[in-house]
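First comes the structure, then the notes that go with it.
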Amino acid sequence: IHLSYARKLKASQETCFDWNSYLFRRFGRIYPPLVFTLLLTFILDSLGMYLKFPVYSQHTPYTIINVAVIPTYNIYTLLGNLLFFMKSLVPVWGTNGPLWSLHYEWWFYMFYPIFWLLSKKSIALATIPLLFFFGISFLPVAWNNFIFSDVLSMMLSWWFGVLLADVYTKRINTKFSYVALLSFAALLLRIIPVNNLCAVDTLYALSFTGILAFCFHLLEQGKSLELLNRLKPLGDMSYTLYVTHFPILAFFSGWLMSRSQERTLPMHFGWLVVGVICVSIFAYFAHFLVEKPFTKRKMLGIAT
């Protein structure tokens, strides 16, 4: 998200934020797969309930499934998911539990331009408020507002990617080898008991930032990352895979349970492999329909 803007800021402080291009690209990136998966979830859940698969009625022998998979369908939930209020103001749509994370992703996108304006003046000026909002998560009573207690307190983890892009473009003058030391941040979770979810996620985010920085350091040293390059097809379809996998696995699990007298899942690794392969193949072909056409710069009319 930030890399192209970081390059422009590095070249000239007079650059302006292109709101129309930014919002159009965010809509094109997020909504087509989301609308597709809302429809897919409704179809699979409806079929599963019609076939009386136990996973949809909380009648499985697994407490974690009975608690986590409670399909909810009404116009309020649908609108709330389309507006990215899931898990704060409305439940997630149907069995698609992983949609909760889009709540964060979308609102990070919406707040980014504000922090970009601050970053244009000073990188520190943009980062300090996010450190402040992160600190709010440690208060005994969180602010009674999901924007502050949820989104902004977690945005620091997302902002590490912005800072890494600034290092990449030399807006921040430091070496990747130094940033790579952050890879060990998550080890603190083994040493210090951390109960705050925001703090846990932040430590993991620091570690991933360090790992990415280490990869950039290797490239600077002339090393090859060909193995990662070969995973590009997986990266291309990753968003479609993420938003579609759970309702497919829920339906698949319901079918497997319905074939067992005890309504249990098979306890061997083969079925898991079959499920992963099925959702991956489905997502690979689906991303050509609902993701790739809407992310082409030529189609969007945006110059590189």
Side-chain angles (χ1 to χ4, degrees), residues 1-2 30 34 37 41 58 62-72 77 80-112 114-115 126-165 179-213 238-239 241-247 249-250:
I1 303 300
H2 181 67
I30 295 295
L34 174 60
T37 201
T41 303
Q58 296 78 56
Y62 307 103
T63 302
I64 188 172
I65 294 178
N66 297 335
V67 171
V69 182
I70 305 177
T72 303
T77 301
N81 278 251
L82 288 171
L83 295 174
F84 304 100
F85 292 120
M86 55 280 266
K87 298 297 282 187
S88 60
L89 301 181
V90 298
V92 293
W93 179 250
T95 59
N96 207 328
L99 291 183
W100 68 268
S101 65
L102 295 185
H103 160 70
Y104 291 94
E105 184 171 357
W106 178 258
W107 290 105
F108 291 163
Y109 291 158
M110 293 300 99
F111 280 107
Y112 166 71
I114 298 173
F115 288 97
T127 305
I128 290 173
L130 289 172
L131 289 170
F132 168 75
F133 291 124
F134 169 72
I136 289 175
S137 68
F138 292 90
L139 294 179
V141 179
W143 294 11
N144 190 24
N145 184 308
F146 85 93
I147 291 294
F148 292 103
S149 63
D150 248 12
V151 177
L152 288 177
S153 64
M154 296 289 284
M155 192 171 175
L156 182 63
S157 294
W158 188 88
W159 192 254
F160 293 149
V162 171
L163 299 178
L164 193 62
V179 183
L181 296 175
L182 294 173
S183 303
F184 302 100
L187 293 178
L188 291 174
L189 296 174
R190 298 288 183 179
I191 303 172
I192 305 172
V194 180
N195 298 320
N196 182 280
L197 179 61
C198 190
V200 171
D201 285 347
T202 302
L203 287 172
Y204 278 118
L206 282 170
S207 289
F208 277 107
T209 302
I211 292 170
L212 289 171
S238 60
Y239 175 44
L241 175 62
Y242 181 74
V243 295
T244 61
H245 79 279
F246 203 84
L249 291 178

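For reference, positions follow the sequence shown, starting with 1. Only a predicted model underlies this, so the values are computations on that prediction, with no experimental measurement involved.
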- line: Applying side-chain hydrogen bond (donor to acceptor under 3.5 Å, both in side chains) to His2 and not counting sequence neighbours gives Tyr112, Asp166
statement: Contacts of Tyr239 meeting side-chain hydrogen bond (donor to acceptor under 3.5 Å, both in side chains) (sequence neighbours excluded), chain-then-number -> none
Phe246: side chain to side chain contact (heavy atoms under 4.5 Å, CB included) partners, not counting sequence neighbours: Val69, Asn96, Pro98
field: Point-to-point distance, once rounded to the nearest 0.5 Å, from CG of Leu131 to OG1 of Thr202
entry: 9.5 Å
Straight-line distance of Thr95 OG1 to Leu249 CG, nearest 0.5 Å: 9.5 Å
- request: Count the heavy atoms of every other residue, nucleotide or ligand shown that sit under 6.0 Å from CZ of Phe208, and state whether that count exceeds 12.
  value: no
task: Tell me, with the steps shown, if Phe85 and Trp106 meet ring pair (Phe, Tyr, Trp, His ring centres under 6.0 Å).
output: CA-CA 10 Å; Phe85 292 120; Trp106 178 258; over 10 Å; no
message: Tell me every residue that passes side chain to side chain contact (heavy atoms under 4.5 Å, CB included) with Thr72, counting only those two or more places apart in sequence or in another chain.
response: Asn74, Thr77, Pro91
field: Any residue meeting side chain to side chain contact (heavy atoms under 4.5 Å, CB included) with Leu212, in chain and number order, not counting sequence neighbours
entry: Leu164
message: Within the 4.5 Å heavy-atom criterion, are Leu99 and Thr41 side-chain neighbours or not?
response: no
field: Side-chain heavy-atom pair Ser101, Met86 within 4.5 angstrom cut-off
entry: no
task: Over all heavy atoms of both residues, which pair between Leu130 and Met155 is shortest? Give the atoms and the distance, please.
output: CD2-CB, 3.9 Å
- request: Report the residues that fulfil side-chain hydrogen bond (donor to acceptor under 3.5 Å, both in side chains) with Trp93, sequence neighbours left out, ordered by chain and then residue number.
  value: none
- request: Check each of Phe133, Phe108, Phe84 against Val151 using the side-chain contact (heavy atoms from CB on, under 4.5 Å) test, and report the only one that passes.
  value: Phe108
message: Is the shortest side-chain heavy-atom distance between Val243 and Leu34 below 4.5 Å?
response: no
query: Rounded to the nearest 0.5 Å, what separation is found between the CG atom of Leu89 and the CG atom of Asn81?
result: 11.0 Å
query: When the ring planes of Tyr104 and Trp100 are compared, do they come out parallel, tilted or perpendicular, using 30° and 60° as the limits?
result: perpendicular
- request: Go through the structure and list residues passing side-chain hydrogen bond (donor to acceptor under 3.5 Å, both in side chains) with Thr127, not counting sequence neighbours.
  value: Trp159
task: Would you please name every residue forming a ring-ring contact (aromatic ring centres under 6.0 Å, His included) with Tyr109, sequence neighbours left out?
output: none
- prompt: Taking Leu152 as the fixed residue, which of Phe132, Phe115, Phe134 is the one that meets the side-chain contact (heavy atoms from CB on, under 4.5 Å) rule?
  reply: Phe115
field: For the student: nearest non-hydrogen atoms of Glu105 and Ile30, plus distance
entry: OE2-CD1, 3.8 Å
In residues 182-199, what donor-acceptor pairs under 3.5 Å come from side-chain atoms, sequence neighbours left out?
| from | atom 1 | to | atom 2 | distance (Å) |
| --- | --- | --- | --- | --- |
| Ser183 | OG | Ala180 | O | 2.7 |
| Ser183 | OG | Gly210 | O | 3.2 |
| Ser183 | OG | Ile211 | N | 3.2 |
| Asn196 | OD1 | Cys198 | N | 3.0 |
| Asn196 | OD1 | Ala199 | N | 2.8 |
| Asn196 | ND2 | Ser137 | O | 2.9 |

